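Here is the structure we will look at, set down as structure tokens.
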Protein chains: 2
Amino acid sequence: MAVTIKDIAAYAGVSYSTVSRALNGSGAVEEAKKEKILEIARSMGYVPNQAAIMLKKSKSRNIGLCFSTISKSTSPYILHDVLIGVYGVIGSDYHIIVKAMDMHEPGTLNQSNFAGLLIMSQTDRDEEFVEEARAKGIPMIAISRRIHSGVPAVVTDEKGGMEKVMDYLLEQGHRRIGVIEGNPNLEATMLRHEGFWQAASRWGLDAKSIPIEYGNYRYNSGRLAAGKLLDAHNDLTAILCFNDEMAMGAIIATTERGLKVPEDISITGFDNLDISGYADIRLTTVERNSIQIAAEGARMLLAYMQEGALPKDVWLENRLVKRNTVSNQQQRVNR
Amino acid sequence: MAVTIKDIAAYAGVSYSTVSRALNGSGAVEEAKKEKILEIARSMGYVPNQAAIMLKKSKSRNIGLCFSTISKSTSPYILHDVLIGVYGVIGSDYHIIVKAMDMHEPGTLNQSNFAGLLIMSQTDRDEEFVEEARAKGIPMIAISRRIHSGVPAVVTDEKGGMEKVMDYLLEQGHRRIGVIEGNPNLEATMLRHEGFWQAASRWGLDAKSIPIEYGNYRYNSGRLAAGKLLDAHNDLTAILCFNDEMAMGAIIATTERGLKVPEDISITGFDNLDISGYADIRLTTVERNSIQIAAEGARMLLAYMQEGALPKDVWLENRLVKRNTVSNQQQRVNR
DNA sequence: GTTAATATTGCAAAGGTTTGCAAGAAATAA
DNA sequence: TTATTTCTTGCAAACCTTTGCAATATTAAC
């Protein structure tokens, strides 16, 4: 049905090996003949059979972009940004296969299927998958968190970022600060926890004086958690949220109670989703550029696949983005 | 390197054809032997070489999920929902390759590479891609809009949906309604335009009395457009937006100007993103369930690929979701 | 026990490509 | 002209499966 190099060879009156060499410039082919073959291939609408190439070279042109899950518990923003970042680097050299690790059937991973994997892991349940990939020798890069000692990673300074934003709140005079953390078992949560706690203890805050609620990093959970905090502690002047989505929820919970942001309650986030900077309530947050992280990971993977040398971890700073959801306590009386 | 059926055959003392038959239950194999072969395969960690299977069967296990673009102009919400919908149906039977049609290199499409395509087209620039796929005989389903007479589609009642929400505004007594449309060249925009216009003329509204601004379906454009509308027409009581994202922007633009939603200005959306129902400002909108659309499309594609019969178009209703961003004009004086 | 029918198995080809090897052609050197 | 080197080219094997066909083993029927 489809045009093969044999068809081209027959038409051009050469052997198919010559066609193959002409097509991908591997061996030497007489210039004129090469031109002619390329022209014929084009006019016949030849498309290389990827399956055959993969079989022969035992190399695929697929890159797996692996998320812990595709369900509602992954943030649409992050997913989108990661795709943008990866695409920007990979272009059309490879196909990008979006995989949900929680749906993986153990034992079905194959080197001939994936030239490399980009792992966007959120949970330790992904370990089995990662282990399988490692056993099969598939090049892997972890983006967003370290997952395994042998897997190069792009990591951002979660701890330092959170420290910066907590410091900022404290510098602005806030002392009664509520915290909305994310899923406690995630590494990102633990690092961010360490970060805010480090700042807090440096400023001499007492653990008991910091009320903490837990969300799941999604909008609605932030709204509920903020509600609980505000209802239980009417002396709070600020709420530090472990990500932007929950911070958005917290803003709503605050205004729902007739309180103003930032006049009555200051709120901070983490991620700097683009939507966080749009509204009139422009979130003070920590920039964690998912596009950049993903792009960096893709670059590393490409290098890894092509040169074979294990890339070194990449460490990205997180920048504090000061906007208008944090008030200065020195300049006003307590509520 | 990797384990092949020959290795299994050698170990089990049978021919590799027998192993093949045992493995995928095609021919008859003595029960005891079959068990043994499966056991050996498992213990040796056998993974079928997809490339070889694809080559032999000239059938791939990849489904292309094709967006017009992956850049910032695709909505993260929709992208996410579509992925969820497709995954729910496809599971792990196929790999899902996310493709950006604007990055496609013409002539590189191949039946052996894609078992089928799900087309989420937003612009006519995708036509070249679709035409190539059609010429190559790759099964395709269009989701979200009709793209080609020969391509079965899952379409929702854009026009009817917009008619419903415009009707609702008019029933509530609004007569000075501003409109924020999306990119004028998109089919969805035209259909939605027809819908609101049909309702408007049925109620005897004059074209000149309806100010229209154009956004690009993203948040920020809605904010800007609403700003223009409000600044230029201080008698507006409602703004009808062509999607939820722009409606969110419009809400912000409204509150930025010290106006309240819905007391001063009513606002409606289209899409019913899950985030639209979370805040205290819960958007009145039209439900357009992307998860459902994508799932339906995936089901059709599967049927198409397996049975070969061209599926019929699927038509989904769009439901008006009344929430709290529309006020009743009869109950209050004009602003 | 013989024949016929059926169940099980192996052989070999095929699918489209790449590539080592050897042969042939052309160019250079003597 | 002949010997040597360098380009070009074709042959054939290999990558791993699936599957039609023929061969063999097993069972059933008489």
Side-chain angles (χ1 to χ4, degrees), chain A residues 1-38 40-41 44-62 107-115 136-137, chain B residues 1-38 40-41 44-62 107-115 136-137:
Chain A
M1 187 67 224
V3 179
T4 73
I5 54 171
K6 290 193 182 178
D7 300 327
I8 300 175
Y11 193 91
V14 296
S15 79
Y16 54 88
S17 346
T18 304
V19 175
S20 170
R21 281 186 269 255
L23 248 28
N24 48 32
S26 38
V29 180
E30 195 188 336
E31 195 55 37
K33 198 170 280 183
K34 186 172 174 178
E35 298 272 295
K36 186 177 148 204
I37 289 171
L38 290 179
I40 291 173
M44 292 177 87
Y46 170 73
V47 182
N49 183 317
Q50 288 302 327
I53 296 174
M54 275 164 63
L55 175 58
K56 182 62 201 176
K57 295 196 169 177
S58 46
K59 261 267 184 183
S60 111
R61 307 226 34 96
N62 295 334
T108 59
L109 218 45
N110 198 319
Q111 249 212 78
S112 66
N113 236 263
F114 289 101
K136 297 268 165 62
Chain B
M1 186 69 221
V3 179
T4 73
I5 54 171
K6 289 193 182 178
D7 301 324
I8 301 174
Y11 193 92
V14 296
S15 79
Y16 54 86
S17 345
T18 304
V19 175
S20 170
R21 280 187 270 255
L23 248 30
N24 48 32
S26 40
V29 179
E30 196 189 337
E31 194 54 38
K33 198 171 279 183
K34 185 172 175 177
E35 299 271 295
K36 186 178 148 205
I37 291 172
L38 290 179
I40 291 173
M44 291 177 86
Y46 169 73
V47 182
N49 183 317
Q50 289 302 327
I53 296 174
M54 275 164 63
L55 177 57
K56 182 63 199 173
K57 295 194 169 178
S58 47
K59 262 264 183 185
S60 111
R61 301 209 64 76
N62 296 334
T108 59
L109 219 44
N110 197 320
Q111 248 213 83
S112 66
N113 235 262
F114 289 102
K136 297 269 165 63

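Here the structure is a predicted model, which means the values were calculated and not measured.
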When you get a sec, tell me which of D:dC16, D:dG20, D:dT18 is the closest nucleotide to the side chain of B:I53? D:dT18

Return no unless some side-chain N or O of A:S20 is found under 4.0 Å from OP1 or OP2 of C:dT18. yes

Separation of A:E30 atom CD from D:dT9 atom P, in whole Å? 5 Å

Output yes when at least one side-chain N/O atom of A:T18 is less than 4.0 Å from OP1 or OP2 of D:dT9, else no. no

Please tell me if B:Y16 has a side-chain N or O lying less than 4.0 Å from either OP1 or OP2 of D:dC15. no

Under 4.0 angstrom between A:Y46 side-chain N/O and C:dT17 OP1 or OP2: yes

What distance separates B:N113 CG from B:N62 CG, expressed to the nearest 0.5 Å? 6.5 Å

Compare side-chain N and O positions of A:S58 against OP1 and OP2 of D:dC15 and report whether any pair is under 4.0 Å apart. no

For A:S15 and A:T18, test the side chains for any donor-to-acceptor distance below 3.5 angstrom and give the result as yes or no. yes

Would one find a side-chain N or O of A:K33 under 4.0 angstrom from OP1 or OP2 of D:dT9? yes

Tell me the interatomic distance from A:L55, atom CG, to D:dA13, atom C1', rounded to whole angstroms. 13 Å

Rounded to the nearest Å, what distance is computed from the NZ atom of residue B:K56 to the P atom of nucleotide D:dT19? 7 Å

Under 4.0 Å from OP1 or OP2 of D:dT18: is there any side-chain N or O of B:N24 that close? yes

Using a distance-only criterion (donor-acceptor N/O pair, under 3.5 Å, no hydrogens), is the base of D:dC11 paired with the side chain of A:S17? yes

With no angle test and no hydrogens, is the base of D:dC15 tied to the side chain of B:T4 by a donor-acceptor pair under 3.5 Å? no

Donor-acceptor pairs are to be reported for all side-chain atoms of residues 44-54 of chain A against protein atoms at under 3.5 Å, with residues two or more places apart or in another chain.
from, atom 1, to, atom 2, distance (Å)
A:N49, OD1, A:A51, N, 2.9
A:N49, OD1, A:A52, N, 3.0

Please report the closest heavy-atom contact between A:K33 and A:V14, naming both atoms and the distance. CD-CG1, 3.8 Å

